[in-house]
Amino acid sequence: MPAGFKTFGPWFTRERADVWQPVNPEDARYANRVGYWIVPLARLKRGVTLPQAQLQMDVLGQALEKAYRQQNKGVGAEVVPRHETLYKSSQKSLYPVLGAVGFILLIGCVNVANLMLSRTESRRKEYSVRASLGAGRRRLMQQLLVESGLLTLPGGLLGVLLSFWGIHLMGAISKVGALWTHNSHGLQDLPDAENIRINGRVLLFAGGLSLLTALLFGMAPAFRASRADLQDALREGESRTVTGKHRGTRYLLVVAEVALAMVLLVGAGLMINSLLRMLLPSPGFDPANVLTMTVLFSPTGGKYLEKSPGKPMERISPKVTAYHQQLIEGISAPPGVESIGMITMLPPLGSGGRTFSIVGHPAPDKRPFVGFNEVSPSYFRTMRIPLKRGRYFDERDTTNAPWVVIVSETTANRYFPNEDPIGQQILLRCTYVTEVDEERPRQIVGVVGEVKQAGMGGIHPLVYESYLQQPEVYPGGSDAFHLAGTLVIRTTSDVRAHAADITTSVKQMVKEMDPDQPVTDISTMEDMLGEYMSRDKTYVLVLGVFAGIAVVLAAIGVYGVLSYFVNQRTRELGIRFALGAQRRDVFVLVAKLGLTLAGAGLAIGVALALGLNRFMKQHFRLFHVKTTDPATYVAVGILLVSIALLACYIPACRATKVDPMTALRHD
């Protein structure tokens, strides 16, 4: 398979596959059809539609239900396009990027329209001469549209060249993100990033869009030029006064691009704010100087697992618990190791799930759901998860002792709001394939601090079980949580200085205990967190670049209009100076116009951003931030006002330097 090929399973869409092996048809789980852990893939024949394929699968599903009544009763097959299942989750992430590109296109078009309007105003006399010599309105409009098209053609060709360079730019941006996140994934975290190419359809779409924008934004100046007033335009000195009739259009265009920039910056600002709120607060543990690696026993049978006859249950050998216990005790010996713990699934990668009932409380209509993990007694100290109440697990919590459980603060506060959770008993139920209660209830002995176990975006109710207190028999498929063990090893100093020695020591120890058992997923905790966050950071970087481009284009638009304003009103400014106006007054006049336009754009932009709340909620992955977050709106507003002030400064300074005598002689 090609390098970078990824697996298809819903749990492993981000995992690279290194080795494939065929399914063993004699395996008990396969032969007895226990669970639903195989995903069939099929390529449709030409001309076969999805409904036709679904009809065939319905017939096949009914046949399987008759052949395997116990396992396949009520089980069918749904035909789903693979492309949809692979990339559907990415669509929401790409919509904001598409919207950002659209806003930048509109802002660029507004700038081009402003430029064309200004050129049209400055050439009014030329068009009047052409009209007086017999050129019709159609001929004048054709001339302007051709000029607009010629302006678009080299711009489009340059854009094609820049697009090839832009892919490399995205790679550079992703490398910045990789440095930021301390991992090497970068752009590869974007969906199907390795296949990003410039193809014919994209070029055709971009070319057509460029031509369409040339026609649309060249039409208004062309129409205006074709309506030139011959007498006014040819009259001496009119070129400096009649333009005041048409300044409103250019002002509206500037207001529009500031408003568009406001919307784009609000979207980017909300995502950046959300990301900062995810990164700055603690994940609930100390990731510094922690090395992680996984020891996963095969869930398909062998010496650690056997099928219970007649039931969809699987029996795990006591060797698994003894193996993990021996491994934890042995690893603490190498130099540089401060402590070692173990958990089934590392935060923030997720957890298992259980429903539960509280012993002695009325049973609710719907049992509450909590995240669940098996941990070693030393896990909380190794990860430095604070104890809020009660105690941690210890070596006394064995299979023969009363079973215990530790809960998170959210679990304690939500389900024991008016009573002390310590001493309460809960009965956990597995719901993986069939609903099965655990053998006995567990007593709550401790409450620990919150951990962002299932993603960095929020807090969820969690319970922790000791891996020493587990049943021997599990419902089919749920045994994976006991078979998997991820080691967390805290070092006394820089983890990278000790990682190689510790990894070699662990591998050697595992080899001595079981030569066939691999050690996988070796990483530092900080690198793992960085990799998990890299996709969000990459999107934020891309949106940040687009937002920066929007700000620059908006500043150019404000500057262009004010510069043209000063140039066209040179005579007026000279008269003001001759009548005693101070330079400060002229500076304020120009700056006030720029700030008025920017202020109007900001007001419209805020209204547009608030109006797009529903879209932003659906397509922006926001954590701990509302789409109406006032801090983001204020920060973006201050930024745009500052940019507008900078754009006003040069034209305003130039206006104060107008020589009254020269201006009064100016035609």
Heavy-atom closest contact ([X] atom, [Y] atom, distance):
X	Y	result
A555	A647	O-CB, 3.6 Å
V258	A598	CG1-O, 3.7 Å
E450	H460	OE1-O, 4.4 Å
A644	V558	O-CG1, 4.4 Å
S351	G371	OG-CA, 3.5 Å
I385	V451	CD1-CG2, 3.7 Å

Rounded to the nearest 0.5 Å, what separates atom [atom1] in [X] from atom [atom2] in [Y]?
X	Y	atom1	atom2	value
Y633	M262	OH	CE	7.0 Å
L162	W165	CG	CH2	7.0 Å
I556	I107	CD1	CD1	11.0 Å
L346	F285	CG	CZ	8.0 Å
L595	L645	CG	CG	4.5 Å
K592	F587	NZ	CZ	14.5 Å

Check whether any side-chain heavy atom of [X] sits under 4.5 Å from a side-chain heavy atom of [Y], and report yes or no.
X	Y	result
V290	T524	no
M528	L349	yes
R414	P461	yes
T410	L462	no

TODO: Quick one: list whatever passes side chain to side chain donor-acceptor pair (under 3.5 Å) with D629, sequence neighbours left out.
DONE: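 Testing D629 for side chain to side chain donor-acceptor pair (under 3.5 Å), a comparison that skips the adjacent residues, returns N273, T632.
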Open item on the list: For S523, give me all partners under side chain to side chain donor-acceptor pair (under 3.5 Å), at least two apart in sequence or on another chain.
Closed with: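 S523 satisfies side chain to side chain donor-acceptor pair (under 3.5 Å) with no other residue.
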Open item on the list: Just to verify, what does A288 make a side-chain contact (heavy atoms from CB on, under 4.5 Å) with, not counting sequence neighbours?
Closed with: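 Per chain and number, A288 pairs via side-chain contact (heavy atoms from CB on, under 4.5 Å) with D286, E526.
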Task: Side chain E409, main chain G449, donor-acceptor under 3.5 Å - done: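 Not at all, since once roles are kept as given, no pair shorter than 3.5 Å links the two residues.
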Task: Passing option when V263 is tested against V636, L610, L608 for side chain to side chain contact (heavy atoms under 4.5 Å, CB included) - done: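 One option only clears the test, and that one is L608.
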TODO: In plain terms, say whether D527 and R496 are close enough for a salt bridge, that is, a side-chain N and a carboxylate O under 4.0 Å apart.
DONE: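 Looking at D527 and R496, the cut-off is met.
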